Student: 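Quick one: the structure is below, questions incoming.
As the structure is a computational prediction, the values presented were derived from the model and not from experiment.
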Amino acid sequence: MSWYAIRCCVRQEGFVLRALTEAGLTSYFPLHVTEAKHARRKATRSRPLIAGYVFAELPTDEAIHEALSIRGVFELVSQNGKPRRIPSIAIGSLILADAFHLFDETWVPPRPKGKRYSHAWKRGDRVRIEDGGAFDGFKAEVLRANGRDRMAVLLMIFGRLTEVIVEHRDLRKAA
């Protein structure tokens with residue numbers, strides 16, 4: 001199969017893509033997705049990554065003529081008057097990059113369900129610090145996780161509650 005770049009009217013890429021699909025031809029154009037702020041509102045914008053071009057798989061001369069007859073299509077990208085073929089690996093790498101959201105600035109990877117950290121401490125748990133340092137033997141209360149390996153705890157120092165960051169492996173359940 002042979003892929004070709006079709007030059008079309010700017011902002012008509014979607015129309016050309018639909019027309020090619022309705023004609024039974026495989027076609028593709030990558031979109032660059034961004035988030036824009038305007039008047040204190042956020043809006044997602046999708047624009048063609050390569051404006052004015054659509055890629056299509058055109059197996060026969062009939063398919064080439066059918067693609068050229070679509071409204072808004074100017075020409076096939078050519079070299080010395082002959083339509084220039086695009087390697088399938090180039091189009092495949094564009095499709096793969098699109099599948100991995102490389103052109104989508106708004107995509108956020110999904111968060112894993114269940115436990116986020118390896119520790120089992122929750123806010124309000126009573127713990128004892130066993131780090132062999134200045135706070136060794138102090139009793140504390142868990143406030144929150146502070147990163148992957150650390151915990152923020154409240155402990156009483158000189159009659160005042162003080163927030164201290166400790167490694168979660170240095171905490172033991174208070175008796």
Student: Which pair of heavy atoms, one from Ala140 and one from Ile129, lies closest together, and at what distance?
Tutor: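 Shortest heavy-atom contact: CB-CD1, 4.5 Å.
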Student: Can you give me the closest heavy-atom contact between Phe29 and Tyr53, atom names plus distance?
Tutor: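 Heavy atoms only, the tightest pair is CB-O, 3.8 Å.
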Student: May I ask you to say whether Arg45 pairs ionically with Glu35, meaning some side-chain N is under 4.0 Å from a carboxylate O?
Tutor: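 Salt bridge absent between Arg45 and Glu35.
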Student: Do the charged groups of Glu163 and Arg144 touch, with an N to O distance under 4.0 Å?
Tutor: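 Yes.
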Student: Going by the rule side-chain hydrogen bond (donor to acceptor under 3.5 Å, both in side chains), which residues pair with Glu130 if we only count those two or more places apart in sequence or in a different chain?
Tutor: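 Counting only residues at least two positions away or on another chain, Glu130 forms a side-chain hydrogen bond (donor to acceptor under 3.5 Å, both in side chains) with Arg128, Arg172.
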Student: Could you walk me through whether Phe100 and Asp98 satisfy the side chain to side chain contact (heavy atoms under 4.5 Å, CB included) test, starting with their C-alpha distance in whole Å, then the side-chain angles of each, then the deciding distance to 0.1 Å, before giving a yes or no?
Tutor: CA-CA 5 Å; Phe100 280 110; Asp98 200 4; over 6 Å; no
Student: Quick one: OG1 on Thr34 to CZ on Phe103, what's the gap to the nearest 0.5 Å?
Tutor: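 Atom-to-atom, Thr34:OG1 and Phe103:CZ are 14.0 Å apart.
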Student: Measure the spacing between CG of Leu58 and CG of Leu76 and express it to the nearest 0.5 Å.
Tutor: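 Rounded to the nearest 0.5 Å, the CG-CG separation comes out at 6.5 Å.
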Student: What I'd like to find out is whether the side chain of Ile50 reaches to under 4.5 Å of the side chain of Phe55, using heavy atoms alone.
Tutor: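 Side chain of Ile50 against side chain of Phe55, heavy atoms only: contact under 4.5 Å found.
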Student: In terms of hydrophobic clustering (I, L, V, M, F, W, Y; side-chain heavy atoms under 4.5 Å; direct or indirect links), are Leu17 and Ile6 co-clustered?
Tutor: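 Yes; Ile6 is reachable from Leu17 via cluster members.
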Student: Which pair of non-hydrogen atoms, one from Leu171 and one from Met151, has the smallest distance, and what is that distance?
Tutor: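 Smallest heavy-atom distance, with atoms named: CD1-CG, 3.9 Å.
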Student: Kindly work out whether a path of hydrophobic side-chain contacts (I/L/V/M/F/W/Y, heavy atoms less than 4.5 Å apart) joins Trp3 to Leu25.
Tutor: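 They do not share one cluster, since no chain of ILVMFWY contacts under 4.5 Å joins Trp3 to Leu25.
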Student: Please find the pair of heavy atoms, one from Val33 and one from Thr106, that lie closest to each other, and give the distance.
Tutor: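 Residues Val33 and Thr106, closest heavy atoms: CG1-OG1, 3.7 Å.
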Student: Just so I know, are the side chains of Leu20 and Ile70 near enough to count as touching, which here means a heavy-atom distance under 4.5 Å?
Tutor: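 In short, these two side chains touch, coming nearer than 4.5 Å.
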Student: Step through the shown structure and confirm whether more than 12 heavy atoms of other residues, nucleotides or ligands are within 6.0 Å of CZ on Arg7.
Tutor: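 Atom CZ in Arg7 is packed in, count exceeds 12.
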Student: Do any N or O atoms from the side chain of Ser78 and from the backbone of Gly81 form a donor-acceptor pair under 3.5 angstrom?
Tutor: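 Pair absent, no side-chain N/O of Ser78 close to backbone of Gly81.
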Student: Got Lys173 and Arg126 here, is their nearest side-chain heavy-atom distance under 4.5 Å?
Tutor: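 In short, these two side chains do not touch, never coming nearer than 4.5 Å.
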Student: So, do Phe135 and Ile157 sit near enough that their side-chain heavy atoms are less than 4.5 Å apart?
Tutor: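 They are in contact (side-chain heavy atoms under 4.5 Å apart), so the answer is yes.
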Student: Count the heavy atoms of every other residue, nucleotide or ligand shown that sit under 6.0 Å from CG of Leu161, and state whether that count exceeds 12.
Tutor: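 Atom CG in Leu161 is crowded, with more than 12 foreign heavy atoms closer than 6.0 Å.
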Student: Would Leu155 and Leu143 show up in the same hydrophobic cluster when neighbours are defined by side-chain heavy atoms closer than 4.5 Å?
Tutor: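 No, Leu155 and Leu143 fall in different hydrophobic clusters.
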Student: Between Val127 and Val166, is there a side-chain heavy-atom distance shorter than 4.5 Å?
Tutor: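 With C-beta onward as the side chain, the pair stays apart.
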Student: Any non-hydrogen side-chain atom of Tyr28 less than 4.5 Å from a side-chain atom of Leu94?
Tutor: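 Contact flag for Tyr28/Leu94 side chains = yes.
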Student: Measure across Leu31 and Ser46 and return the closest heavy-atom pair with its distance rounded to 0.1 Å.
Tutor: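 Minimum heavy-atom separation between Leu31 and Ser46: CD1-CB, 4.3 Å.
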Student: Please determine whether residues Tyr4 and Ile91 belong to a single hydrophobic cluster, defined as Ile, Leu, Val, Met, Phe, Trp and Tyr linked transitively by side-chain heavy-atom distances below 4.5 Å.
Tutor: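 No, separate clusters.
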Student: Say whether Val10 and Leu49 are linked into one hydrophobic cluster, either directly or through other cluster members, by side-chain heavy-atom distances under 4.5 angstrom.
Tutor: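 Looking at the clustering, Leu49 is in a separate group from Val10.
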Student: Can you measure from NZ (Lys37) to CZ (Arg41) and round to the nearest 0.5 angstrom?
Tutor: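 Rounded to the nearest 0.5 Å, the NZ-CZ separation comes to 13.5 Å.
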Student: Give the intermediate values and the outcome of side chain to side chain contact (heavy atoms under 4.5 Å, CB included) for residues Phe15 and Arg71.
Tutor: CA-CA 9 Å; Phe15 173 78; Arg71 190 183 86 222; 3.8 Å; yes
Student: Report yes if some heavy atom in the side chain of Glu57 is under 4.5 Å from a heavy atom in the side chain of Ser27; otherwise report no.
Tutor: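 No - every pair of side-chain heavy atoms lies 4.5 Å or more apart.
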Student: Any side-chain heavy-atom pair from Leu68 and Ile64 closer than 4.5 angstrom?
Tutor: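 Of all side-chain heavy-atom pairs linking Ile64 with Leu68, at least one is under 4.5 Å.
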